[in-house]
Amino acid sequence: MSKVLVSDPIDQAGIDILSQVATVDVKTGLKPDRLKEIIGEYDALMIRSGTRVTQEIIEAGTQLKIIGRAGVGVDNVDVPTATRRGIVVVNSPEGNTIAAAEHALAMMLALSRHIPDANASVKRGAWDRNSFIGAEVYKKTLGIVGLGKIGSHVAAVAKAMGMKLLAYDPFISTERAEQIGCQLVDLDLLFQQADYITLHIPKTPETTHLINAVTLAKMKPNARIINCARGGIIEETALAAAVKAGKIAGAALDVFESEPLGESDLRSLGKEMILTPHLGASTTEAQVNVAIDVAEQIRDVLLGLPARSAVNIPGLGPDVLEELKPYMQLAETLGNLVGQLAGGRVELLNVRLQGELATNKSQPLVVASLKGLLYQALRERVNYVNASIEAKERGIRVIETRDASARDYAGSLHLEATGTLGTHSVTGALLGDKEIHLTDVDGFPINVPPSKYMLFTLHRDMPGIIGKLGSLLGSFNVNIASMQVGRKIVRGDAVMALSIDDPLPDGILAEITKVPGIRDAFTVTL
Ligand SMILES: NC(=O)C1=CN([C@@H]2O[C@H](COP(=O)(O)OP(=O)(O)OC[C@H]3O[C@@H](n4cnc5c(N)ncnc54)[C@H](O)[C@@H]3O)[C@@H](O)[C@H]2O)C=CC1
Ligand SMILES: O=C(O)CCC(=O)C(=O)O
């Protein structure tokens with residue numbers, strides 16, 4: 001039975017799902033050294049934001065197949081290392097959207113009305129109404145940085161509260177922003193005009209310290225900043241100094257450059273600074289959502305099924321995956337075949353998606369072709385996660401073309417591999433009940449289902465050649481299961497595809513190429 005380690009607090013609903021297929025160990029608060037010591041026993045790791053899954057941890061996780069992040073941000077996982085090692089990383093892109101958006105809105109209102117400090121003062125026994133005069137958000141301008149899932153929900157609610165909405169997001173269209181009721185503006189204008197600025201972006205090299213002394217200086221003195229996205233997007237010392245000096249009116253932060261927050265100037269500020277301990281996703285509803293979402297994906301991957309929200313494999317909905325599955329098998333088979341025909345070191349793989357495969361959602365077929373191509377070199381170590389990276393590291397260039405007009409079959413896939421020993425190509429399609437058929441080898445039309453052991457010859461189409469090859473194979477005790485010749489013109493060049501029952505004995509290829517008329521011969525194991 002598989003073993004899953006849950007190293008952060010996860011809702012029981014997730015544990016119950018994992019327990020259907022695995023032994024589940026819940027060990028929270030592990031020190032990195034201890035995690036490194038034990039991770040080697042586990043097939044899957046499930047985390048929230050508390051566990052840092054570093055290169056060292058991943059490399060010690062020799063059995064790991066999947067890392068599940070019960071939440072959105074995977075910045076606590078070394079995704080490139082996981083990818084290189086063929087480990088799927090999944091998250092829950094939507095399970096805590098509402099929770100995080102509501103926390104940002106709650107922070108905006110709490111900051112405007114000094115709720116945390118007013119509450120603390122009443123609890124201390126005071127009745128001070130003068131120190132807590134607030135500001136209304138109605139008719140104020142909210143600048144939303146990042147108009148994705150959370151930013152869009154914040155926009156919808158803020159609009160209902162009568163706020164004017166500006167947004168900055170270089171990856172969304174003006175039309176989409178308008179649909180959500182936001183005016184898309186550049187960042188400088190947003191900083192200059194907003195009364196409230198709320199951040200809903202990932203932390204990336206571009207967004208790190210996006211809010212710094214220079215950008216803070218552009219803001220209005222009554223500006224208030226809310227960060228429920230990621231620590232490090234704000235330069236904390238610059239923010240603390242700006243609030244202290246009254247250059248902006250305040251800030252509410254849920255996330256920090258270093259968590260848990262240590263010694264910090266932020267702690268010394270009064271009612272104009274609200275700090276929460278990364279609570280954005282901490283609602284009962286969100287925790288159930290993300291636990292179920294991620295646990296289901298871990299269960300599926302452990303059962304050999306695809307994950308629906310993998311961050312390091314092309315994302316596909318279950319319907320698309322179901323539809324593509326037989327074609328993925330076709331792509332892998334053709335990749336494996338063309339790699340063996342090309343022999344040597346492949347430098348270029350041309351993948352042509354034809355007919356109904358020439359749609360955008362067919363991208364995973366390129367990855368599946370590479371997985372097949374690399375199978376001879378890497379065996380079980382290559383998978384959908386690392387195939388592209390492994391190909392890149394081996395200097396294999398990939399060209400993807402699409403030809404929707406190809407009509408020989410409903411959908412077919414053509415792969416051409418160029419390597420140190422020359423160029424070879426294969427085409428395949430699914431016939432009848434989704435059975436894989438090779439429909440072309442090196443430009444010669446054939447129609448054969450692939451079999452485990454195959455022999456291909458390039459020869460001159462002339463009398464007697466099939467008989468001679470048959471006798472030769474017979475003399476080596478090789479049994480032919482099926483045979484087909486593909487040719488373009490009578491007595492021209494031709495390809496022969498033979499399915500054989502056993503692997504070809506050593507030395508026989510050289511004998512085959514001595515048969516008059518046979519130019520070349522290749523044997524493959526699929
Ligand atoms: N505090 C908490 O507990 C939680 C925090 N989060 C964080 O909230 C953030 C947003 O999450 P979602 O809305 O779900 O993500 P999302 O992927 O739906 O939206 C992110 C948006 O940021 C935009 N973006 C990327 N780079 C940008 C840049 N340089 N400038 C402006 N916009 C940029 C993207 O185009 C996208 O529209 C993430 O950092 C996530 O980790 C999410 C859930 C809970
Ligand atoms: O797991 C958590 O509570 C943090 C959630 C979060 O930051 C995220 O989903 O990106």
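Along the sequence shown, the residues carry numbers beginning at 1.
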Are any non-hydrogen side-chain atoms of [X] and [Y] less than 4.5 angstrom apart?
{"X": "Ser388", "Y": "Leu370", "result": "yes"}
{"X": "Pro32", "Y": "Thr54", "result": "no"}
{"X": "Val478", "Y": "Tyr453", "result": "no"}
{"X": "Arg69", "Y": "Val89", "result": "no"}
{"X": "Val4", "Y": "Leu302", "result": "yes"}
{"X": "Ile98", "Y": "Thr283", "result": "no"}
{"X": "Ile15", "Y": "Ser19", "result": "yes"}
{"X": "Leu455", "Y": "Met496", "result": "no"}

Out of curiosity, [X] [atom1] to [Y] [atom2], how far, rounded to the nearest 0.5 Å?
{"X": "Ser2", "Y": "Leu18", "atom1": "OG", "atom2": "CG", "answer": "10.5 Å"}
{"X": "Ile58", "Y": "Leu45", "atom1": "CD1", "atom2": "CG", "answer": "9.0 Å"}
{"X": "Asn386", "Y": "Asn312", "atom1": "CG", "atom2": "CG", "answer": "9.5 Å"}
{"X": "Ile38", "Y": "Lys27", "atom1": "CD1", "atom2": "NZ", "answer": "4.5 Å"}
{"X": "Leu473", "Y": "Ile500", "atom1": "CG", "atom2": "CD1", "answer": "7.0 Å"}
{"X": "Tyr42", "Y": "Thr23", "atom1": "OH", "atom2": "OG1", "answer": "9.0 Å"}

Main-chain N/O of [Y] paired with [X] side-chain donor or acceptor, under 3.5 Å:
{"X": "Gln297", "Y": "Ser309", "result": "yes"}
{"X": "Ser92", "Y": "Gly95", "result": "yes"}
{"X": "Arg230", "Y": "Ile201", "result": "no"}
{"X": "Asp8", "Y": "Gly50", "result": "yes"}
{"X": "Asn336", "Y": "Leu373", "result": "no"}
{"X": "Asp254", "Y": "His278", "result": "yes"}
{"X": "Thr525", "Y": "Lys452", "result": "no"}
{"X": "Thr420", "Y": "Arg345", "result": "yes"}
{"X": "Ser173", "Y": "Arg176", "result": "yes"}
{"X": "Glu257", "Y": "Glu235", "result": "no"}

Verdict with reasoning, Thr208 to Lys203, per side chain to side chain contact (heavy atoms under 4.5 Å, CB included): CA-CA 6 Å; Thr208 299; Lys203 186 182 172 208; 3.6 Å; yes

Lys392 NZ: over 12 foreign heavy atoms closer than 6.0 Å: no

Whether over 12 other heavy atoms sit under 6.0 Å from Arg267 CZ: yes

Steps toward side chain to side chain contact (heavy atoms under 4.5 Å, CB included) verdict (Leu266, Phe256): CA-CA 10 Å; Leu266 298 169; Phe256 303 90; 4.1 Å; yes

Tell me yes or no: between the side chains of [X] and [Y], is some donor less than 3.5 Å from an acceptor?
{"X": "Ser412", "Y": "His414", "answer": "no"}
{"X": "Glu285", "Y": "Asn289", "answer": "no"}
{"X": "Glu206", "Y": "Thr204", "answer": "yes"}
{"X": "Thr276", "Y": "His103", "answer": "yes"}
{"X": "Tyr375", "Y": "Gln340", "answer": "no"}

Criterion side chain to side chain contact (heavy atoms under 4.5 Å, CB included) on Met328 and Leu365, from CA distance to verdict: CA-CA 6 Å; Met328 305 278 272; Leu365 299 184; 3.8 Å; yes

Verdict with supporting geometry, Thr51 and Leu30, side chain to side chain contact (heavy atoms under 4.5 Å, CB included): CA-CA 8 Å; Thr51 304; Leu30 291 170; over 6 Å; no

Heavy-atom pair with the smallest gap, counting every atom of [X] and [Y]:
{"X": "Leu415", "Y": "Ser369", "answer": "CD2-OG, 3.7 Å"}
{"X": "Val294", "Y": "Ala70", "answer": "CG2-CA, 3.7 Å"}
{"X": "Ile66", "Y": "Ile298", "answer": "CD1-CA, 3.8 Å"}
{"X": "Ala358", "Y": "Arg402", "answer": "C-NH1, 3.6 Å"}
{"X": "Ser499", "Y": "Met454", "answer": "OG-CE, 3.9 Å"}
{"X": "Ile87", "Y": "Leu64", "answer": "CG1-O, 3.4 Å"}

Stepwise salt bridge (charged side-chain N to carboxylate O under 4.0 Å, His left out) check, Glu416 with Arg352: CA-CA 8 Å; Glu416 184 185 88; Arg352 193 164 71 226; over 6 Å; no

Ring pair (Phe, Tyr, Trp, His ring centres under 6.0 Å) between His424 and Phe522, worked out: CA-CA 11 Å; His424 288 274; Phe522 307 87; 4.8 Å; yes

Partner of Arg84 under side-chain hydrogen bond (donor to acceptor under 3.5 Å, both in side chains), chosen from Glu390, Gln55, Glu393, Glu59: Glu393

